[in-house]
Amino acid sequence: MFKPKSLDACPICRAVIPSTDRRSTCPSCGTNLTPYYELLDKANELYFEAMDAVSRLNFEVAEELARKMVTVNPYFKEEAVILSSLTSLYQHKFEEAYALALSLPPGHYARSELLSEIENLYEVELKGKQHYNLSLASARNNLWKDADYHIQKALEFIPYLPEPWRLAVKLAIAVEDYDTALSRLDEALKAFPNDSFLLAMQAELKN
């Protein structure tokens, strides 16, 4: 989704400058364009670095880079919106991400791509929650194999939520498969090291 900006018009007289023609001066008014290219290059560099930080889920760094980017070049406000939308999306804040994507102009190159990605990931979360609910229903009816199948599917789709992990541990304990319970608990605590329920289950299983 990274698309570098180019200088397509003189900042002073607005004469068109072909993106393939990186001139040092404006052909119309003679303005020195070098400082504008330097600011553009720096903002593009910060934009790329922020995108990379988002891809590594390093959101604080991405937000700081986005602020610097807009400070360096205020024309990068739409790029800051893209970064904010992706940051919200990858933290599973779907409504926030959707609203930010919609705030981009209808013809913006990233708008439809963002909206499509948001919808796809939201569908994935819905599937995960459906499997979680099916696992709960099966467990209540002592259908342990069905419950275990659905909880494993839920963990494939929504491993970032603590509830499926808690249920996965409880299901293993219910059928007295303590090795699996401990294994799942170890994985769960890697994702949620401060979860009080998981910590209580760990204490109980190790006693």
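Just so it is clear, the model here is predicted, and its values are computed rather than measured.
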Look at the side chain of [X] and the backbone N and O of [Y], then say whether any donor-acceptor pair between them is shorter than 3.5 Å.
{"X": "Thr87", "Y": "Leu83", "value": "yes"}
{"X": "Asn58", "Y": "Val54", "value": "no"}
{"X": "Asn133", "Y": "Lys129", "value": "yes"}
{"X": "Arg184", "Y": "Val169", "value": "no"}
{"X": "Ser85", "Y": "Ala97", "value": "yes"}
{"X": "Ser135", "Y": "Ala147", "value": "yes"}
{"X": "Ser183", "Y": "Thr180", "value": "no"}

How are the rings of His131 and Tyr149 set relative to one another: parallel (under 30°), tilted (30 to 60°) or perpendicular (over 60°)? perpendicular
For [X] versus [Y], what's the shortest heavy-atom pair and its separation?
{"X": "Ser138", "Y": "Asp146", "answer": "OG-CB, 3.6 Å"}
{"X": "Cys10", "Y": "Cys29", "answer": "SG-SG, 3.7 Å"}
{"X": "Ala181", "Y": "Ile173", "answer": "CB-CG1, 3.8 Å"}
{"X": "Leu198", "Y": "Ala188", "answer": "CD1-CB, 3.7 Å"}
{"X": "Leu89", "Y": "Glu117", "answer": "CD2-CG, 3.8 Å"}
{"X": "Arg23", "Y": "Tyr37", "answer": "O-CE1, 2.9 Å"}

Would you say [X] and [Y] make side-chain contact, with heavy atoms under 4.5 Å?
{"X": "Lys42", "Y": "Asn73", "answer": "no"}
{"X": "His108", "Y": "Ile82", "answer": "yes"}
{"X": "Trp165", "Y": "Asp195", "answer": "no"}
{"X": "Ser88", "Y": "Leu100", "answer": "yes"}
{"X": "Cys13", "Y": "Cys26", "answer": "yes"}
{"X": "Val61", "Y": "Leu65", "answer": "yes"}
{"X": "Gln202", "Y": "Leu182", "answer": "no"}
{"X": "Ile17", "Y": "Leu33", "answer": "yes"}

To the nearest 0.5 Å, how far apart are [atom1] in [X] and [atom2] in [Y]?
{"X": "Glu119", "Y": "Leu114", "atom1": "CD", "atom2": "CG", "value": "11.0 Å"}
{"X": "Glu64", "Y": "Met69", "atom1": "CD", "atom2": "CE", "value": "12.0 Å"}
{"X": "Leu86", "Y": "Phe59", "atom1": "CG", "atom2": "CZ", "value": "9.5 Å"}
{"X": "Ser103", "Y": "Glu78", "atom1": "OG", "atom2": "CD", "value": "8.5 Å"}
{"X": "Met201", "Y": "Leu189", "atom1": "CE", "atom2": "CG", "value": "11.0 Å"}
{"X": "Glu113", "Y": "Ile118", "atom1": "CD", "atom2": "CD1", "value": "11.0 Å"}

Trace of the side chain to side chain contact (heavy atoms under 4.5 Å, CB included) decision for Leu102 with Tyr98
CA-CA 6 Å; Leu102 284 178; Tyr98 196 76; 3.4 Å; yes
Please determine whether side chain to side chain donor-acceptor pair (under 3.5 Å) holds for the pair Thr34 and Asn32, giving the CA-CA distance in whole Å, both sets of side-chain angles, and the decisive distance to 0.1 Å. CA-CA 6 Å; Thr34 300; Asn32 180 11; 3.2 Å; yes
Inset, instruction - Take Asp52 and Ser55, measure what side chain to side chain contact (heavy atoms under 4.5 Å, CB included) needs, and give me the verdict at the end. - result: CA-CA 5 Å; Asp52 182 62; Ser55 72; 3.8 Å; yes
| request: Check whether NZ of the Lys or CZ of the Arg Lys5 lies under 6.0 Å from the centre of the six-membered ring of Phe76 and within 45 degrees of that ring's axis. | output: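 Because its charged atom sits under 6.0 Å from the ring centre and within 45° of the axis, Lys5 does stack over Phe76.
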Hey, quick one: are [X] and [Y] part of the same hydrophobic cluster, counting side-chain heavy atoms closer than 4.5 Å, chains of contacts allowed?
{"X": "Tyr132", "Y": "Leu121", "value": "no"}
{"X": "Tyr47", "Y": "Val72", "value": "yes"}
{"X": "Phe94", "Y": "Leu57", "value": "yes"}
{"X": "Trp144", "Y": "Leu134", "value": "no"}
{"X": "Leu155", "Y": "Leu171", "value": "no"}

I'd like to know whether OH of Tyr122 has more than 12 heavy-atom contacts from other residues, nucleotides or ligands below 6.0 angstrom.
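Atom OH in Tyr122 is not packed in, count stays at 12 or less.
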Query raised in the report: For atom OH of Tyr160, is the number of surrounding heavy atoms from other residues, nucleotides or ligands below 6.0 Å larger than 12?
Result: yes
With side chain to side chain contact (heavy atoms under 4.5 Å, CB included) as the criterion, how do Val70 and Tyr75 come out once you've worked through the C-alpha distance, each side chain's angles and the decisive distance to 0.1 Å? CA-CA 7 Å; Val70 175; Tyr75 290 106; over 6 Å; no
Show your reasoning for whether side chain to side chain contact (heavy atoms under 4.5 Å, CB included) applies to Lys170 and Phe197.
CA-CA 11 Å; Lys170 289 172 71 175; Phe197 176 87; 3.5 Å; yes
Item checked: Electrostatic pair Asp186-Lys190, nearest N-O below 4.0 angstrom -> no
Check ion pair Asp148-Lys153 (N to O, under 4.0 angstrom):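 No, no charged N to carboxylate O under 4.0 Å.
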